[in-house]
Peer 1: 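Next up is a structure, given as structure tokens.
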Amino acid sequence: MEERKKEVIDTAKKLFLEKGLNNVTMNDIMNEAGLSKATMYRYYDSIHPIAFEVEYEMLQEIFSDLKLIDVANRNGGEVIKEILLTMVDKFIHHIKAYRYISMFDFLYSDQYPNDNLSQEYNKVIQSIIDANMSGERVKEQYDEALTYVSVIFAYLQKLAHRKEIIDKGEIDVIERLNIVRKMIHKLLK
């Protein structure tokens, strides 16, 4: 059973990244995964829970690198700086995840499809924040840290969303990332 759900999520992720989140239907996922309608609807009643599960995976992918940051004997500013620099340094590796999250945020910018998905999403986001911004020294600067992370995250999403321009070489991603690194160093001396 779990294997089938994983197959649906993996197929959906592939299609969402290829076609865009707005351009994928339940039928597309069923056809690509080779699933019957009955099997598909046994696991998901609409495209929205699938999109949310893909979102959770993408967020976990991006933030998994932050768990490796050593917070011992460091002040909150140093930890925040390392979180931001790690996000920038790992951007290329996670560019598809940032691209997906950008599509997701745009699609669900006004409201979530239902209260259950909204509550579940808020729990996931809070657990990511708690796991990656823990420690007394970071908590002392929590609002500042969350603002910095949000700004850098939004910029990286915007950059990732420019796939065609990046692929054509019209944007030098490495140069843009170096500018962001310099900015982080200036802000958090």
Side-chain angles (χ1 to χ4, degrees), residues 13 16-18 20-22 51-112 118 120-189:
K13 185 186 309 182
F16 290 150
L17 288 167
E18 285 175 4
L21 194 51
N22 285 330
F52 275 73
E53 283 201 36
V54 172
E55 171 80 351
Y56 304 152
E57 280 191 16
M58 296 296 197
L59 287 166
Q60 291 296 340
E61 176 186 321
I62 289 170
F63 286 101
S64 65
D65 294 322
L66 302 183
K67 292 178 182 155
L68 304 174
I69 294 173
D70 180 20
V71 298
N73 302 317
R74 299 170 76 190
N75 70 43
E78 291 169 340
V79 174
I80 295 164
K81 184 175 183 178
E82 185 153 353
I83 288 170
L84 297 173
L85 290 171
T86 300
M87 288 171 62
V88 172
D89 291 343
K90 298 291 185 170
F91 172 76
I92 298 294
H93 180 72
H94 300 302
I95 193 167
K96 288 180 180 178
Y98 279 102
R99 188 175 300 127
Y100 178 81
I101 293 167
S102 177
M103 289 186 278
F104 180 92
D105 285 353
F106 182 76
L107 181 62
Y108 297 108
S109 63
D110 292 333
Q111 73 180 57
Y112 298 126
S118 175
E120 182 63 27
Y121 186 72
N122 289 331
K123 284 181 196 173
V124 168
I125 294 298
Q126 191 60 53
S127 71
I128 290 170
I129 290 170
D130 291 345
N132 293 292
M133 297 181 77
S134 61
E136 283 308 309
R137 292 186 172 137
V138 175
K139 286 182 181 175
E140 291 170 6
Q141 295 174 292
Y142 181 81
D143 290 336
E144 181 181 354
L146 197 55
T147 301
Y148 286 147
V149 169
S150 297
V151 169
I152 297 300
F153 197 86
Y155 179 77
L156 295 175
Q157 282 181 276
K158 182 178 178 179
L159 188 58
H161 203 72
R162 306 288 190 270
K163 182 183 180 339
E164 290 81 25
I165 298 170
I166 291 169
D167 290 348
K168 290 179 188 175
E170 294 176 19
I171 291 179
D172 184 342
V173 174
I174 302 303
E175 180 183 322
R176 297 289 173 102
L177 295 175
N178 285 332
I179 291 168
V180 174
R181 278 186 200 94
K182 287 177 189 175
M183 181 187 76
I184 292 167
H185 284 290
K186 282 182 182 177
L187 283 173
L188 298 167
K189 292 181 184 181

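Scope of the values below: all heavy atoms of this structure, side chains included, with no hydrogens, waters or symmetry mates. The residues of the chain are indexed from 1 along the displayed sequence. From a predicted model like this one, the values you see are computed outputs, not experimental measurements.
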Peer 1: Quick check on the 6.0 Å ring-centre criterion: do F16 and F104 meet it?
Peer 2: no
Peer 1: Rounded at 0.5 Å granularity, tell me how far CG in D172 sits from CD1 in I166.
Peer 2: 10.5 Å
Peer 1: Taking ring pair (Phe, Tyr, Trp, His ring centres under 6.0 Å) as the definition, give me every residue that meets it alongside Y56, ordered by chain and number, with sequence neighbours left out.
Peer 2: none
Peer 1: Side chains of H94 and D65: any donor to acceptor distance under 3.5 Å?
Peer 2: yes
Peer 1: What's the spacing between L21 CG and I101 CD1 if we round to 0.5 Å?
Peer 2: 12.0 Å
Peer 1: Return the set of residues passing side chain to side chain contact (heavy atoms under 4.5 Å, CB included) with Q111 (not counting sequence neighbours), or none when no residue passes.
Peer 2: none
Peer 1: Name all residues meeting the salt bridge (Lys or Arg N to Asp or Glu O under 4.0 Å) criterion together with R162; count only those two or more places apart in sequence or in a different chain, and write none if there are none.
Peer 2: none
Peer 1: Taking all atoms of both residues into account, what is the closest heavy-atom pair of H93 and E61, and its distance?
Peer 2: O-OE2, 4.2 Å
Peer 1: For the residue pair I152 and I83, establish whether any side-chain heavy-atom pair is separated by less than 4.5 Å.
Peer 2: no
Peer 1: A160 and I95: which non-hydrogen atoms are nearest, and at how many Å?
Peer 2: CB-O, 3.6 Å
Peer 1: Which residues satisfy the salt bridge (Lys or Arg N to Asp or Glu O under 4.0 Å) test with D89, sequence neighbours excluded?
Peer 2: R181
Peer 1: Taking atom CE of M103 and atom CG of L17, what is their separation to the nearest 0.5 Å?
Peer 2: 5.0 Å
Peer 1: Could you list the residues that satisfy side chain to side chain contact (heavy atoms under 4.5 Å, CB included) with H185, not counting sequence neighbours?
Peer 2: K81, L85
Peer 1: Kindly write out the residues that satisfy ring pair (Phe, Tyr, Trp, His ring centres under 6.0 Å) with F153, not counting sequence neighbours, or none if the list is empty.
Peer 2: F63, Y98
Peer 1: Roughly how far apart are H161 NE2 and D105 CG, rounded to 0.5 Å?
Peer 2: 10.5 Å
Peer 1: What distance separates M183 CE from L187 CG, expressed to the nearest 0.5 Å?
Peer 2: 5.5 Å
Peer 1: Measure the shortest side-chain to side-chain distance between L156 and L177 over non-hydrogen atoms and say whether it is less than 4.5 angstrom.
Peer 2: yes
Peer 1: Taking the side chain as everything from C-beta on, heavy atoms only, tell me whether T86 gets closer than 4.5 Å to E82.
Peer 2: yes
Peer 1: So, taking the atom named CZ in F91 and the one named CG in L159, what distance separates them when rounded to the nearest 0.5 Å?
Peer 2: 4.0 Å
